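Keep in mind that what you see is a predicted model, and the values were worked out from it rather than measured. Sequence positions, counted from 1, serve as the residue numbers for this chain. Reckoned from all heavy atoms, side chains included, excluding hydrogens, waters and symmetry mates.
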Amino acid sequence: QVQLVESGGGLVQAGGSLRLSCAASGRTFSSKAMGWFRQAPGKEREFVATISWGGGSTYYADSVKGRFTISRDNAKNTVYLQMNSLKPEDTAVYYCAAASVPGRSPDRSMYNYWGQGTQVTVSS
């Protein structure tokens, strides 16, 4: 069993930065790939970024590539999402998720544990 708690969301102006954190409980955190997803009002939940179990492999959605960075600290059972050059279209609830596999994956169906989400609002 893995429990995930996100933090770090908030209101920021366009061009600004935020860093999201996701604290995980459970002994198997370090063996699982992790991901960030987001859901804007009236839209489907979409993939943002993923990182492999050891942190050596990452993958990003085209819409955030070059602006967002995913990382993890297995000693702290925490995964991060550094978000720079934020745009109004990045406004959404951001969810942290733990995968059932060690390799990074953009596929929502590979994730079986989800956090409660944290709101990110980017004003223009």
Are V2 and M110 grouped together when hydrophobic residues (ILVMFWY) are joined by side-chain heavy atoms under 4.5 angstrom apart? no
Would you give the length of the straight line joining atom CD of E89 to atom OG of S63, rounded to the nearest 0.5 angstrom? 9.0 Å
Could you name each residue pair satisfying salt bridge (Lys or Arg N to Asp or Glu O under 4.0 Å) that touches residues 34-52, not counting sequence neighbours? R38-E46, R38-D90
Donor-acceptor under 3.5 Å (T91 side chain, T121 main chain): no
Name all pairs fulfilling the ring-ring contact (aromatic ring centres under 6.0 Å, His included) condition that reach into residues 17-43, sequence neighbours left out, sorted by first residue then second. F37-F47, F37-Y111, F37-W114
Mind listing the closest non-hydrogen atom pair of A40 and A92 along with its distance? N-CB, 3.8 Å
Please tell me if the side chains of W53 and V101 come closer than 4.5 Å, counting only heavy atoms from C-beta onward. no
Can you pull out every salt bridge (Lys or Arg N to Asp or Glu O under 4.0 Å) where at least one residue sits in residues 103-119? Sequence neighbours excluded, please. none
Could you tell me whether the side chain of M83 reaches within less than 4.5 Å of the side chain of V12, counting heavy atoms only? no
What distance separates S21 OG from Q82 CD, expressed to the nearest 0.5 Å? 9.5 Å
Side-chain (S124) to main-chain (P88) donor-acceptor, under 3.5 angstrom: no
Checking side chain to side chain contact (heavy atoms under 4.5 Å, CB included) for the pair Q119/Y94: CA distance, chi angles, key distance, verdict? CA-CA 6 Å; Q119 177 70 47; Y94 283 71; over 6 Å; no
Minimum heavy-atom separation for S71 to I51, with atom names? CA-CD1, 3.7 Å
State which residues pass side-chain hydrogen bond (donor to acceptor under 3.5 Å, both in side chains) with Q3; sequence neighbours excluded, sorted by chain then number. none
Residues C96 and V79: closest non-hydrogen pair is SG-CG1, 3.7 Å
Is the shortest heavy-atom distance from the side chain of R67 to the side chain of Y60 under 4.5 Å? no
Sequence neighbours excluded, the answer for side-chain hydrogen bond (donor to acceptor under 3.5 Å, both in side chains) partners of N77 is none
How close do Q116 and L4 get, heavy atom to heavy atom, and via which atoms? OE1-O, 3.6 Å
Verify same cluster id: Y95, V120 (apolar side-chain graph, 4.5 Å): no
Using side-chain heavy atoms (C-beta onward) and a distance below 4.5 Å, is T58 in contact with T50? no
Side-chain contact, heavy-atom cut-off 4.5 Å: L81 with V48? yes
Under a 4.5 Å cut-off applied to non-hydrogen side-chain atoms, are C22 and Y80 in contact? no
Quiz: residues 13-20 side-chain donor-acceptor pairs under 3.5 angstrom, not counting sequence neighbours:
unit_1 : atom_1 : unit_2 : atom_2 : d
S17    : OG     : N84    : OD1    : 2.9

Locate the shortest heavy-atom distance separating A23 from T78; write the atom from each residue and the value. CA-OG1, 4.2 Å
